[in-house]
Every structure is written in structure tokens, then in C-alpha cells.
J.: 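Shown below is the structure under consideration.
The structure presented is a predicted model; accordingly, all values stated were derived computationally and were not measured.
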Amino acid sequence: MTTPIKTGHKIMATPAITHGIRMPLKSDRVAIRMYCLGTGDCFVLKFMSGKARCFTVMIDCGSCKGGPAEFRPFLEDLAAYVNNTIDLLVITHEHNDHVNGFAKHPDIFEAMDIREAWFAWTENPDDPNGRAQELLKQRSHMRLALQNAIQAYKARHEQRELKARSNGHRTFEQLILNNSRAFLNGLNTLAEINLEGAAGGKSLPGMRIIKQLLKKKKTKVRYLDPGDILTLQQAPGIKFHVLGPPSKRDYIFKNGKPGVDTYDKHLALDESSLSVNAFLSLNNSVRNDVPFAVDYLVNGDDTQSIYEDARNEWRRIDNDWLCSAGSLALRLNSHINNTSLALAMESEATGKVLLFPGDAEYGSWESWHEIEKWKSRGKDGKHLAEDLLNRTVFYKVGHHLSYNGTALEKGILMMESEELAAMATLDRRRIAEKWKSTMPNKYLLQELIRRCQGRVFVMDEYQLGNRPSRQLDPLTLGRKVYGEGWSEDGKSILYKQYTISL
């Protein structure tokens with residue numbers, strides 16, 4: 001047993017002592033706190049025994065929108081809540097909405113005692129098989145290519161805008177410009193997540209800073225593979241099952257099954273990959289990426305003169321090939337999502353499972369069920385991945401309630417627990433306008449509400465037509481189960497917290 005000791009506003013505990021050895025406490029519940037930074041992930045899990053803290057896990061820290069001033073109150077609350085101690089830091093994947101918080105206020109994390117950190121095998125610079133280095137190199141090339149493409153497309157768009165104004169904005173010309181403007185906005189939206197701060201195709205600032213900080217602190221770092229099952233001496237009774245990312249690149253780049261698991265996103269290996277070399281050569285003096293054979297090039301005839309007539313400039317397709325940057329941007333985004341470190345945390349005492357998949361898309365979810373060493377290891381001879389999903393009582397909804405972040409047949413339809421609850425990191429007040437058409441996916445939200453019996457906690461329910469709170473007011477669950485934290489001025493919510501008995 002332990003004896004709580006009150007010191008000011010903090011509660012400490014003296015661990016049980018057996019034959020002079022301090023024995024870690026076994027948790028009887030876990031408080032899951034979702035910081036409401038804006039669309040993006042930042043979670044703190046406190047495993048508790050009575051009033052004593054046993055073990056603290058932090059997962060990611062990022063948001064789609066916001067500068068240092070917006071981040072500060074959330075990060076200060078977080079530091080106070082964990083008493084500047086993180087037993088385990090988990091970084092799921094390299095997207096700004098999961099890591100840019102580390103770059104907003106490095107000083108806050110500098111002051112923390114971070115005892116261990118986990119990354120996916122895809123982040124391992126010393127991967128003995130060379131798989132990670134290959135993916136990281138390809139990611140860097142894709143980033144640089146996309147940066148070049150966006151810059152080139154923007155420059156050409158601005159030129160057409162200027163000429164359109166001088167031409168009096170003819171009707172069809174204006175329609176083309178409107179489409180061009182919308183396309184550029186879409187590219188910029190994906191660039192905020194994948195590229196912002198990653199000059200020259202390098203790592204995002206948040207990922208770079210947290211890795212440097214961990215090295216400086218001499219924190220123990222592990223890179224995990226699918227199928228790994230870990231236990232920690234500091235967290236007795238808890239098993240950590242590593243579901244993803246997949247070890248095979250086919251799954252990392254795999255799309256879902258239209259109408260069954262995801263909507264068709266057209267991410268096949270087509271013009272998006274073929275365009276990488278072309279985009280990389282945008283700043284070169286010699287071009288070797290002309291899509292036509294020389295025999296088919298027209299020189300000096302009437303067709304050429306008509307095409308080059310200044311009055312027809314708005315109709316030219318010289319720059320339309322740059323539109324394949326859209327496929328490249330989506331492919332890069334999906335590829336990085338599928339490198340998410342996906343974890344299932346299991347209580348050995350009750351068999352309850354907490355599922356944190358990062359932003360894993362269908363390719364990753366499917367791969368979980370193909371982990372060879374997990375075959376027949378679940379209840380009644382099931383694959384362990386299916387068994388873990390059957391026993392999931394908490395689900396961190398993947399990719400902010402978009403359809404491509406939660407598999408159906410290989411995912412949500414296997415979550416059968418009567419205790420199931422979910423948290424979704426979606427805030428439509430702080431999200432790119434173009435994403436609002438896909439987040440939330442109303443069918444996914446309805447299915448979650450039904451399976452969770454209303455226990456779905458969205459970061460902000462603004463503009464949600466079918467709000468989870470209309471099915472179940474979370475405040476009726478009681479303080480021991482659900483709570484909220486507000487800013488000092490009472491104008492903004494800092495976090496939502498849900499507690500599960502183990």
C-alpha cells in the first residue's frame with residue numbers, strides 16, 4: 001500500500017517497499033487528457049493507483065493552426081499537470097499537427113524530465129536493414145519536389161492574375177483563374193502540415209527540435225517495429241502492443257478499398273511519382289522532362305503561331321502539368337500518415353485496451369492483421385490484432401474524424417466493447433477551410449456515437465450537425481469520469497479528460 005503525502009497543491013506517494021526494494025504501483029485507472037490546442041494531437045495519460053501517480057505518458061504535441069502565444073497556456077498547463085515529468089514520450093509521426101508544439105516553446109520541454117521516448121522504426125537513422133533510410137530519403141525528395149512545384153505554380157498563377165486584370169477579366173479566363181486559385185489554396189493547406197519549416201526537404205522543426213532535446217538529455221530512445229510487445233518496470237500490469245507502422249512499403253503506400261474501407265483518393269503510383277523528377281529539375285537550366293517525343297513537337301507552323309498568340313495566352317496548357325503536384329501532395333500526406341506509430345495499451349488485470357493509432361490510414365490498419373507472430377494469439381484463436389480491437393475501451397480517433405483515418409472492416413467494426421469511448425482531435429474553428437468538407441465524415445461520426453453510446457468527446461463541436469453531446473451530455477458522467485479545464489479568463493477550453501478504470 002502507499003501513503004499519499006500532500007505538499008502544497010501536489011500529491012506525492014511513497015511507493016510500497018518489499019525487502020528494501022521500492023516496488024512500482026499497479027494502476028487501477030487511467031486519466032486520458034486531450035489538450036485542445038486546435039486540430040492536432042496532444043495527449044497525456046496518467047496511470048493512477050488511488051491518489052498516487054504510477055506512470056505518465058505523453059503522445060504528440062501539435063496543431064494545424066497557432067503561434068507561440070496561442071500554444072503557451074496549453075503547454076504551461078501541461079507542464080504543471082505532469083509536474084515536469086514524462087515517463088514515456090511517444091511521437092507518432094512527422095506532421096506539423098503532431099509535432100510543431102515542440103518548436104513553439106522548446107524552453108518548456110527543456111525543463112522537463114523525459115525518461116524514455118518511442119518512435120516508429122521509420123524514424124530510425126540507424127535502421128540495420130536500411131528500410132528507414134530509404135523512406136526518409138524518399139520523403140525528403142518528395143518534400144523538396146513539392147516545395148518546388150508549389151513555388152512554380154504560385155509564380156505562374158500570379159502572372160496569369162496580372163494579365164487577366166489587364167485583359168478585363170474575360171468570363172472563361174476568370175473561371176480558369178478561380179479554379180487555379182482554389183487548387184493553390186489546397187496545395188498550401190497540405191504544405192502547412194507537410195512542409196512548413198522543412199526547408200530543402202529536411203525534417204520539420206518540431207521533430208528536429210524534440211530529437212535534439214532528447215539527445216541532449218540523454219533520454220533512452222527506442223524505435224519500434226510492428227509485432228513488438230513491450231512492458232516497462234515503471235508500469236507493471238500494462239502491455240504495449242505495437243501495431244504499426246507496417247514493415248512493408250506496399251502497406252505504407254496502400255490505398256483503401258473504395259466503398260468498403262475508405263473513399264477512393266487516387267493515390268496509385270502514377271503521375272505523382274513520375275512528376276517528382278520533373279519538379280526537382282524546375283530550377284535547372286537543362287530540361288529533360290518534356291512529356292512528348294521530339295517527333296511530336298510543333299515548330300513554326302500556323303498551329304504554333306496561333307498557340308503563341310498573346311490573345312490566346314489564357315488558354316495555354318504550358319503549366320497544366322504542374323497540377324500533378326496535387327497527387328504528389330496527397331501521396332506524401334498519406335505516406336507519412338501510414339508511418340504512424342500505432343499502439344494498443346492493454347491492462348493485464350482486466351484485458352481492457354486503449355488504442356492510439358496516430359493518423360494511420362487503411363494500409364496501416366490492414367497490415368496489423370498480417371503480423372505473422374500474432375496469428376492465433378488472440379482469444380479463441382483469433383489474430384491478436386482483431387482480439388485487441390474487440391477489447392478496445394478507448395479509441396483516439398485517427399486523422400481528426402476523416403474517413404481515411406479509421407478502417408471499417410479491419411477497424412471500427414471490430415470494436416465490440418460496451419465500454420467503448422472515443423476522443424477526436426477536431427476543431428473546425430482552427431482548421432483549413434478546404435478540410436471542412438471532409439472533417440468530420442458524418443457517417444464515421446454517427447457510427448462512433450452509436451458504438452460508444454454517446455461517449456465521443458470532440459475537441460470542439462463547432463458546426464457539427466450531429467453533435468455527440470446531444471446524445472450524451474458528458475458533464476452528466478460525473479467528475480470522476482469526465483472533466484474539462486478552462487483558461488483563467490474562462491473564454492477557452494484547455495483540455496477534456498476522460499478516466500477509465502483498469
J.: Under 3.5 Å, side chain of R430 to main-chain N/O of L37, donor-acceptor pair present?
T.: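 Yes: the side chain of R430 pairs with the backbone of L37.
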
J.: Given Q463 and K436, is the side-chain contact (heavy atoms from CB on, under 4.5 Å) satisfied, shown in steps?
T.: CA-CA 10 Å; Q463 291 185 337; K436 290 185 179 180; 3.9 Å; yes

J.: Return each pair, listed once, that meets ring pair (Phe, Tyr, Trp, His ring centres under 6.0 Å) where at least one residue sits in residues 53-76; pairs must be two or more places apart or across chains.
T.: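 Counting only pairs at least two positions apart or across chains, no ring pair (Phe, Tyr, Trp, His ring centres under 6.0 Å) contact touches residues 53-76.
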
J.: Would you confirm whether R53, through its side chain, and M48, through its main-chain N or O, come within 3.5 Å as a donor-acceptor pair?
T.: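 Here the side-chain-to-backbone pair does not exist.
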
J.: Can D228 and R222 be counted as an ion pair, charged N to O under 4.0 angstrom?
T.: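 R222 and D228: not salt-bridged.
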
J.: Scan side-chain atoms only and decide if T85 and N83 contain a donor-acceptor pair under the 3.5 Å cut-off.
T.: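 No, because no side-chain N or O of T85 sits under 3.5 Å from a partner of the opposite role on N83.
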
J.: When you measure from the side chain of K46 to the backbone of R29, do you find a donor-acceptor pair of N or O atoms at a distance under 3.5 Å?
T.: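 No.
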
J.: Using a strict 4.0 Å threshold on nitrogen-to-oxygen distance, state whether R139 and E94 make a salt bridge.
T.: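 So R139 pairs with E94 through a salt bridge.
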
J.: Using the ring of each side chain (for Trp, its six-membered ring), is Y395 parallel, tilted or perpendicular to W365, with breaks at 30° and 60°?
T.: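 Aromatic pair Y395/W365 classed perpendicular.
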
J.: With rounding to the nearest 0.5 Å, note down the distance linking CG in L204 to CG in N96.
T.: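 That separation rounds to 4.5 Å.
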
J.: Given the ring of Y462, does R429 sit roughly above its face, with NZ or CZ under 6.0 Å from the centre of the six-membered ring and within 45° of the axis?
T.: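 Yes, a cation-pi geometry holds between R429 and Y462.
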
J.: Is there a side-chain contact between T392 and L354, using heavy atoms and a 4.5 Å cut-off?
T.: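 With C-beta onward as the side chain, the pair stays apart.
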
J.: Does R115 pair with D113 as a salt bridge, N-O distance under 4.0 Å?
T.: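 Counted as a salt bridge, because a side-chain N and a carboxylate O are separated by less than 4.0 Å.
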
J.: Regarding E419 and R455, does a basic nitrogen lie under 4.0 Å from an acidic carboxylate oxygen?
T.: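 Answer for the salt bridge query: no.
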
J.: Could you give me the CA-CA distance, side-chain angles and deciding distance for L444 and L401, then say whether side-chain contact (heavy atoms from CB on, under 4.5 Å) is met?
T.: CA-CA 7 Å; L444 171 60; L401 276 170; 4.3 Å; yes

J.: Could you tell me which residues satisfy side-chain contact (heavy atoms from CB on, under 4.5 Å) with N129, sequence neighbours excluded, listed by chain and number?
T.: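 Applying side-chain contact (heavy atoms from CB on, under 4.5 Å) to N129 gives D127, R131.
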
J.: Output yes when a side-chain donor or acceptor of K239 lies under 3.5 Å from a complementary backbone atom of A344, and no otherwise.
T.: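 The answer is no, because no donor-acceptor pair under 3.5 Å joins these two groups.
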
J.: Under a 3.5 Å threshold, yes or no: a donor from one side chain and an acceptor from the other, between E461 and S469?
T.: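 Indeed, the side chains of E461 and S469 share at least one donor-acceptor pair under 3.5 Å.
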
J.: Quick one: does S247's side chain get under 4.5 Å of I371's, heavy atoms only?
T.: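 Side-chain contact under 4.5 Å: no.
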
J.: Can a donor-acceptor pair be found, under 3.5 Å and without considering hydrogens, that links the side chain of K352 to the backbone of I500?
T.: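 Here the side-chain-to-backbone pair does not exist.
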
J.: Between E366 and Y362, is any side-chain donor less than 3.5 angstrom from a side-chain acceptor?
T.: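 The criterion, which ignores hydrogens and geometry beyond distance, is satisfied for Y362 and E366.
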
J.: Evaluate the side-chain proximity of T56 to L45: yes if any heavy-atom separation is below 4.5 Å, no if none is.
T.: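 No. Closest side-chain heavy atoms not under 4.5 Å.
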
J.: According to salt bridge (charged side-chain N to carboxylate O under 4.0 Å, His left out), does anything in residues 67-77 pair up with another residue at least two apart or in another chain? List the pairs.
T.: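 Checked against salt bridge (charged side-chain N to carboxylate O under 4.0 Å, His left out) - neighbours excluded - the pairs reaching residues 67-77 are R33-D77, R72-E76, R72-D107.
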
J.: Can you see whether N338 engages E361 through a side-chain donor-acceptor pair at a distance of less than 3.5 angstrom?
T.: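 N338 vs E361: no donor-acceptor pair found between side chains.
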
J.: When you look at D359 and H98, which way does the side-chain hydrogen bond (donor to acceptor under 3.5 Å, both in side chains) test go after all the steps?
T.: CA-CA 9 Å; D359 281 348; H98 289 253; 2.7 Å; yes

J.: Can you check whether M58 reaches F109 side chain to side chain, under 4.5 Å on heavy atoms?
T.: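 M58 vs F109: side chains touch.
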
J.: State which residues pass side-chain contact (heavy atoms from CB on, under 4.5 Å) with A79; sequence neighbours excluded, sorted by chain then number.
T.: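 If we apply the side-chain contact (heavy atoms from CB on, under 4.5 Å) test to A79, skipping adjacent residues, the hits are N84, I108, M112.
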
J.: Can any side-chain N or O of S367 pair as donor or acceptor with the backbone N or O of S364 at less than 3.5 Å?
T.: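 Present.
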
J.: Would you tell me whether S492 and S487 have side-chain atoms, one donor and one acceptor, within less than 3.5 Å of each other?
T.: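 Indeed, the side chains of S492 and S487 share at least one donor-acceptor pair under 3.5 Å.
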
J.: Please check this pair: side chain of T339 against backbone of I336, looking for a donor-acceptor N/O pair closer than 3.5 Å.
T.: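 Here the side-chain-to-backbone pair exists.
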
J.: Less than 4.5 Å apart, side chain to side chain, heavy atoms only: is that true for L78 and V44?
T.: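 They are in side-chain contact.
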
J.: Side chains of L464 and V458: does their closest heavy-atom pair fall under 4.5 Å?
T.: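 Yes, their side chains come closer than 4.5 Å.
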
J.: Just checking, is any N or O donor in the side chain of W118 or E116 under 3.5 Å from an acceptor N or O on the other one?
T.: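 Present: a donor and an acceptor within the cut-off.
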
J.: Donor-acceptor pair, distance only, cut-off 3.5 Å: does the side chain of S402 make one with the backbone of T438?
T.: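 Looks like no, no N/O pair under 3.5 Å.
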
J.: Is it true that a side-chain atom of D60 and a backbone atom of T92 form a donor plus acceptor pair closer than 3.5 Å?
T.: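 Answer holds: yes.
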
J.: Just to verify, what does V481 make a side-chain contact (heavy atoms from CB on, under 4.5 Å) with, not counting sequence neighbours?
T.: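 L477, Y498.
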
J.: Got a sec, which residues hit side-chain contact (heavy atoms from CB on, under 4.5 Å) with T39, two or more places apart in sequence or on another chain?
T.: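 T39: side-chain contact (heavy atoms from CB on, under 4.5 Å) contacts with C64, H400, L426, D427, I431.
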
J.: Is the NZ or CZ atom of K211 positioned over F119's six-membered ring, under 6.0 angstrom from the centre and within 45° of the axis?
T.: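 Yes, cation above the ring, under 6.0 Å and within 45°.
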
J.: For the ring pair (Phe, Tyr, Trp, His ring centres under 6.0 Å) test, which of F356, F457, Y81 pairs with F43?
T.: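 Among F356, F457, Y81, the one meeting ring pair (Phe, Tyr, Trp, His ring centres under 6.0 Å) with F43 is F356.
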
J.: Please check if the side chain of S63 supplies one atom and the backbone of K65 the other of a donor-acceptor pair under 3.5 Å.
T.: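 Checking the backbone N and O of K65 against the side chain of S63, a donor-acceptor pair under 3.5 Å is found.
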
